[in-house]
Amino acid sequence: QVQLVESGGGLVQAGGNLTLSCTASGSTYRIDAIGWHRQAPGNQRELVALINRDGTPNYGDSMKGRVAFWRDYRRDMVFLQMRDLNTEDTAVYYCYADIRGGRGVWGQGTQVTVSS
């Protein structure tokens with residue numbers, strides 16, 4: 001099994017920056033793609049960034065160009081650096097991992113609130 005734990009969320013002023021981290025544990029050798037999704041109240045969960053083992057990231061449209069995303073294989077961690085945040089970015093941000101030979105897994109999420 002794989003477990004994912006997010007950290008780094010909080011309250012940010014509009015225009016500010018924030019970095020989130022996700023730590024994976026358990027059978028981490030089974031992780032293929034890993035990355036981030038977000039869900040605002042009343043909205044569908046949407047892709048923020050996802051990276052495969054080949055190292056190429058894919059970005060969702062809503063935050064493309066405003067995020068830096070990387071995976072640390074040695075520490076089993078993935079990071080999301082967000083900049084120029086606005087109130088539309090207020091959401092719960094979830095770490096996600098695609099597991100080889102099994103179902104994808106989700107973390108519990110970390111709240112990001114952007115104030116105007």
Exercise. Under the 3.5 angstrom rule, does the side chain of Thr90 hit a backbone N or O of Val114 as a donor-acceptor pair?
Worked result: yes

Problem set entry | Cluster link Met63 to Val92, ILVMFWY, side chain under 4.5 Å | no

Problem set entry | Side-chain donor or acceptor of Arg45 paired with backbone N/O of Ala40 under 3.5 Å | no

For this session: Please tell me if the side chains of Leu4 and Val105 come closer than 4.5 Å, counting only heavy atoms from C-beta onward.
Result: yes

Exercise. Is there a path from Leu47 to Tyr94 through hydrophobic residues (I, L, V, M, F, W, Y) whose side chains come within less than 4.5 Å of each other?
Worked result: yes

Problem set entry | N-O pairing of Asp98 and Arg103 below 4.0 Å | no

Exercise. When rounded to the nearest 0.5 angstrom, what is the spacing between CG in Asp89 and OG1 in Thr113?
Worked result: 11.0 Å

Exercise. At their closest point, which heavy atom of Phe69 faces which heavy atom of Gly35, and how far apart are they?
Worked result: CZ-CA, 3.6 Å

Problem set entry | From CG (Leu50) to CD1 (Ile34), nearest 0.5 Å | 9.0 Å

For this session: Please identify each residue that fulfils ring-ring contact (aromatic ring centres under 6.0 Å, His included) with Trp106, with sequence neighbours left out.
Result: His37, Tyr96

Problem set entry | Pairs where residues 1-23 contributes a residue and the test ring-ring contact (aromatic ring centres under 6.0 Å, His included) is met, not counting sequence neighbours | none

For this session: Measure the SG-CD distance between Cys22 and Gln3 for me, rounded to the nearest 0.5 Å.
Result: 11.0 Å

For this session: Look up atom CG in Asn52 and atom CG in Asp54, then write down how far apart they are to the nearest 0.5 Å.
Result: 5.0 Å

Seminar exercise, completed: When rounded to the nearest 0.5 Å, the distance separating CG of Asp76 from CD1 of Ile31 is 6.5 Å

Problem set entry | Residues that, via side-chain heavy atoms closer than 4.5 angstrom, fall in one hydrophobic cluster with Met77 | Trp70, Phe79

Exercise. Considering all heavy atoms of both residues, which atom of Ala91 and which atom of Tyr93 are nearest to each other, and what is their separation?
Worked result: O-CD1, 3.4 Å

Problem set entry | Gap between atom OG1 of Thr110 and atom CH2 of Trp36 - 0.5 Å precision | 7.0 Å

Problem set entry | Sequence neighbours excluded, every pair satisfying disulfide bond (SG atoms under 2.5 Å apart) that has a member inside residues 30-86 | none

Residues 6-20, side-chain donor-acceptor partners within the protein, below 3.5 Å, at least two apart:
| residue | atom | partner | partner atom | Å |
| --- | --- | --- | --- | --- |
| Glu6 | OE1 | Gln108 | N | 3.2 |
| Glu6 | OE1 | Gly109 | N | 2.9 |
| Glu6 | OE2 | Cys95 | N | 2.8 |
| Glu6 | OE2 | Gly109 | N | 3.1 |
| Ser7 | OG | Ser21 | OG | 2.7 |
| Gln13 | OE1 | Ser115 | OG | 3.1 |
| Gln13 | NE2 | Ser116 | O | 3.2 |
| Asn17 | OD1 | Asp84 | N | 3.3 |

Problem set entry | Heavy atoms from other residues, nucleotides or ligands near CG of Asn43 exceed 12 (cutoff 6.0 Å) | yes

Problem set entry | Side-chain donor or acceptor of Arg71 paired with backbone N/O of Val78 under 3.5 Å | no

For this session: Can you sort out the partners of Ser62 under side-chain contact (heavy atoms from CB on, under 4.5 Å), two or more places apart, ordered by chain and number?
Result: Arg38, Glu46

Exercise. If you look at every heavy atom in Met82 and Val67, which pair is closest and at what distance?
Worked result: CG-CG1, 3.9 Å

Exercise. Which atoms form the tightest heavy-atom contact between Leu80 and Val48, and what is the distance?
Worked result: CD2-CG1, 3.9 Å

